[in-house]
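Take a look at the structure below.
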Amino acid sequence: MAQATMEDFEALLQESFELHMPEEGAVVRGKVLAIDNGQALVDIGFKMEGRIELKEFQRPGEAEIAVGDEVEVYLDRVENAKGEAVLSRDKARREEAWDRLESAADKDSRVEGQIFGRVKGGFTVDLGGAVAFLPGSQVDVRPVRDITPLMGVPQPFQILKMDRRRGNIVVSRRAVLEESRAEQRAEVVARLTEGDVVDGVVKNITDYGAFVDLGGVDGLLHVTDMAWRRVNHPSEIVNIGETLKVQVVKINKETHRISLGMKQLQSDPWEGVDAKYPAGMKLMGRVTNITDYGAFVELEPGVEGLVHVSEMSWTKKNVHPGKIVSTSQEVEVMVLDVDPVKRRVSLGLKQCLRNPWELFAENYPANTEVEGEVKNITEFGLFIGLDGDIDGMVHLSDLEWDRPGEQALAEYTKGDMVKAVVLDVDIDKERISLGVKQLSEDSFTTTAGGIKRGEIVTVEVTKIEDGGIEVEHEGMKAFIRRSDLARDRGDQRPERFNVGDKVDARVTNIDKNARRLGMSIKAREIAEEREAVEQFGSSDSGASLGDILGAALKTREE
């Protein structure tokens with residue numbers, strides 16, 4: 001009986017021992033037995049002791065460890081090669097932190113931590129034993145250039161994501177700031193109304209404006225609302241930390257966005273601008289900006305006009321405005337049009353200079369001789385540079401009297417100096433017509449001036465074709481068609497003539513434009529027959545036509 005009782009007691013003791021025996025991976029309480037060689041000897045009961053490096057206890061905000069202190073440690077392994085338990089304070093703290101953080105994440109509450117390092121894409125945050133990742137985009141509500149002042153400072157964070165199995169935690173500082181700012185913004189927005197004039201401090205400057213702190217809430221002062229004049233960059237007007245007096249231009253009650261303005265506190269320079277700058281007025285202005293389509297010229301602070309590229313130069317048509325004017329240059333302009341509603345002033349630069357075509361027409365009237373360099377050669381003529389940086393055109397038909405224009409054109413090259421006569425100046429179309437052949441007399445006109453229609457002349461055969469013969473008289477060309485080669489059809493054969501033959505023909509036409517004579521042998525024969533009949537007989541005289549023509553020919557020979 002006694003023996004059975006002892007066995008039962010041992011079984012119960014073993015069962016109790018196994019029931020309370022800690023498992024590997026558990027957090028247990030232990031007591032510091034000794035500190036030596038940079039290690040703390042910790043007893044966790046059940047005749048198990050282990051050593052922990054002192055650096056694991058050296059955390060900000062925690063007192064130094066001492067003999068007799070009770071601490072929570074993590075049981076990594078029950079026994080190592082030395083027969084000691086493998087313990088860790090860091091892992092115990094991490095397990096404790098994870099429990100705390102999971103509870104906070106479930107309640108969607110904030111946790112406290114410190115930024116202590118940089119990693120790719122963001123920063124590392126100590127959340128009291130657990131390390132979290134803070135993405136760079138979640139540091140602040142707007143980009144922060146220098147994060148140094150935020151490092152090592154205890155501050156609240158919002159947990160965005162947790163994965164205990166992988167050991168990943170992602171937190172946000174921005175979410176906390178936005179929540180806090182949302183409360184402040186709602187309070188400030190409720191106090192403000194559009195049109196209020198308030199003081200604010202410039203907190204940040206961007207390319208499109210400046211953010212101004214109105215006492216817990218930021219408003220945007222857009223670059224176009226800083227001044228009535230053109231502002232290339234906000235830094236020209238405001239500086240970070242500067243206190244400004246601004247007007248509340250617009251408030252969005254839903255998004256709590258506030259638009260601010262500075263120019264609204266100044267008088268509008270566009271009031272009465274149409275009366276101040278009437279069309280046709282000339283004045284000096286300063287070039288403030290140059291674009292592909294023109295240049296903006298400041299007439300007074302806050303009032304700018306546009307000189308369109310088409311109104312910049314009389315002669316430079318396809319040139320970038322930057323080749324004609326430069327920024328900050330003082331220029332004389334003419335007011336072309338004013339639209340006070342759209343706040344637009346159209347200006348002209350070339351209108352302040354004389355129209356070069358008008359000036360050329362005054363200095364070089366029609367028939368005046370000019371000289372210039374060949375600027376360009378096209379299939380239809382030459383372009384010659386003239387005074388006033390303008391060009392005149394010589395059409396290929398006005399190059400030479402006696403040769404086709406295509407042949408004459410081939411003898412010219414760019415850069416040649418050419419003399420010409422002014423034929424016409426069209427100021428509206430900006431065209432000047434010139435002629436080279438007009439420098440000399442037209443041999444055809446001179447020669448043809450002594451010939452009358454119906455006159456009989458002697459010509460020389462120069463070419464024989466199936467359709468007729470080509471002849472020449474004192475340098476003037478003519479073509480006698482087959483049907484005009486003779487009165488009798490049987491003699492209307494081009495082959496009965498030879499090149500170089502001299503033939504008498506009657507002039508039937510003088511075409512000065514085509515510079516050709518119209519001639520006919522047939523017309524000459526008919527005219528001679530009619531003349532012979534009139535002189536030597538008539539139809540009722542009884543004489544035959546042969547007799548009459550014979551007498552006529554005899555008289556002609558004599």
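Just so it is clear, the model here is predicted, and its values are computed rather than measured.
At least one side-chain heavy atom of Ile384 sits under 4.5 Å from a side-chain heavy atom of Val394. For the pair Val303/Pro301, no side-chain contact is recorded, criterion being any heavy-atom separation below 4.5 Å from C-beta on. Residues Lys437 and Leu399 have side chains not in contact (no heavy-atom distance under 4.5 Å, counting atoms from C-beta outward). The side-chain heavy atoms of Val345 and Phe296, taken from C-beta on, include no pair separated by under 4.5 Å. Here the side chains of Leu299 and Leu283 are in contact, with some heavy-atom distance below 4.5 Å. Leu336 is not listed as a side-chain neighbour of Leu347, based on a closest heavy-atom distance of 4.5 Å or more. By the 4.5 Å heavy-atom criterion applied to side chains, Val201 and Val212 are not counted as neighbours. Proximity of Leu260 to Leu220: side-chain heavy atoms (C-beta onward) are nowhere separated by under 4.5 Å.
One N or O on the side chain of Asn363 and one on the backbone of Leu359 form a donor-acceptor pair closer than 3.5 Å. Looking only at distances, no side-chain donor or acceptor of Ser326 sits under 3.5 Å from a matching main-chain atom of Gln329. In this structure a side-chain-to-backbone donor-acceptor pair under 3.5 Å is missing from Asp416 to Val418. With hydrogens and angles ignored, the 3.5 Å screen pairs a side-chain donor or acceptor of Trp270 with a backbone N or O of Gly302. At least one donor-acceptor pair closer than 3.5 Å links the side chain of Arg524 to the backbone N or O of Asp504.
For Asp398, the side chain to side chain donor-acceptor pair (under 3.5 Å) test picks out Gln438, with sequence neighbours left out. Residues passing the salt bridge (charged side-chain N to carboxylate O under 4.0 Å, His left out) test with Lys502 are Glu460, sequence neighbours excluded. Legend: residues meeting salt bridge (charged side-chain N to carboxylate O under 4.0 Å, His left out) with Asp274, ordered by chain and number and at least two apart, are absent. In this structure, the side chain to side chain contact (heavy atoms under 4.5 Å, CB included) partners of Glu271, at least two apart in sequence or on a different chain, are Asp268. Qualifying side chain to side chain donor-acceptor pair (under 3.5 Å) partners for Glu194, counting only residues two or more places apart in sequence or in other chains: none. Remark: Thr224 pairs with His222 by the side chain to side chain donor-acceptor pair (under 3.5 Å) rule, at least two apart or across chains. Partners of Ala486 under the side chain to side chain contact (heavy atoms under 4.5 Å, CB included) rule, at least two apart in sequence or in another chain, are Asp491, Gln492, Arg496, Glu525. With sequence neighbours excluded, the residues that form a side chain to side chain contact (heavy atoms under 4.5 Å, CB included) with Pro234 are Ile205, Val223, Met226.
Among residues at least two apart or in separate chains, ring pair (Phe, Tyr, Trp, His ring centres under 6.0 Å) pairs with a member in residues 355-396 are Phe360-Tyr364. For residues 235-248, the set of pairs meeting the side chain to side chain donor-acceptor pair (under 3.5 Å) definition, not counting sequence neighbours, comprises Asp199-Lys245, His233-Ser235. Judged as a side chain to side chain donor-acceptor pair (under 3.5 Å), the pairs with a partner in residues 295-314 (not counting sequence neighbours) are, in order, Arg230-Glu304, Lys276-Glu300, Tyr277-Glu300, Arg286-Glu298, Thr288-Glu304, His308-Ser310, Glu311-Gln351. Residue pairs satisfying the side chain to side chain donor-acceptor pair (under 3.5 Å) criterion with at least one member in residues 417-432, sequence neighbours excluded, are listed as follows: Lys317-Glu430.
The 12-atom threshold is not exceeded at CZ of Arg344, counting heavy atoms of other residues, nucleotides or ligands nearer than 6.0 Å. More than 12 heavy atoms of other shown residues, nucleotides or ligands fall within 6.0 angstrom of atom CG in Asn252. By the neighbour-count criterion of 12 heavy atoms within 6.0 Å, atom CZ of Arg343 is densely surrounded, having more than that number from other residues, nucleotides or ligands. For CG of Asp488, the number of neighbouring non-hydrogen atoms (other residues, nucleotides, ligands) closer than 6.0 Å is greater than 12. Residue-environment remark: CD (Glu379) stays at or below the threshold of 12 foreign heavy atoms within 6.0 Å.
Glu411 CD to Glu400 CD: the interatomic distance, rounded to the nearest 0.5 Å, is 6.0 Å. Rounding to the nearest 0.5 Å gives a distance of 8.5 Å between OG1 of Thr327 and CG of Asn232.
Using modelled atom types, one finds a donor on one side chain and an acceptor on the other under 3.5 Å when comparing Ser520 with Asp484.
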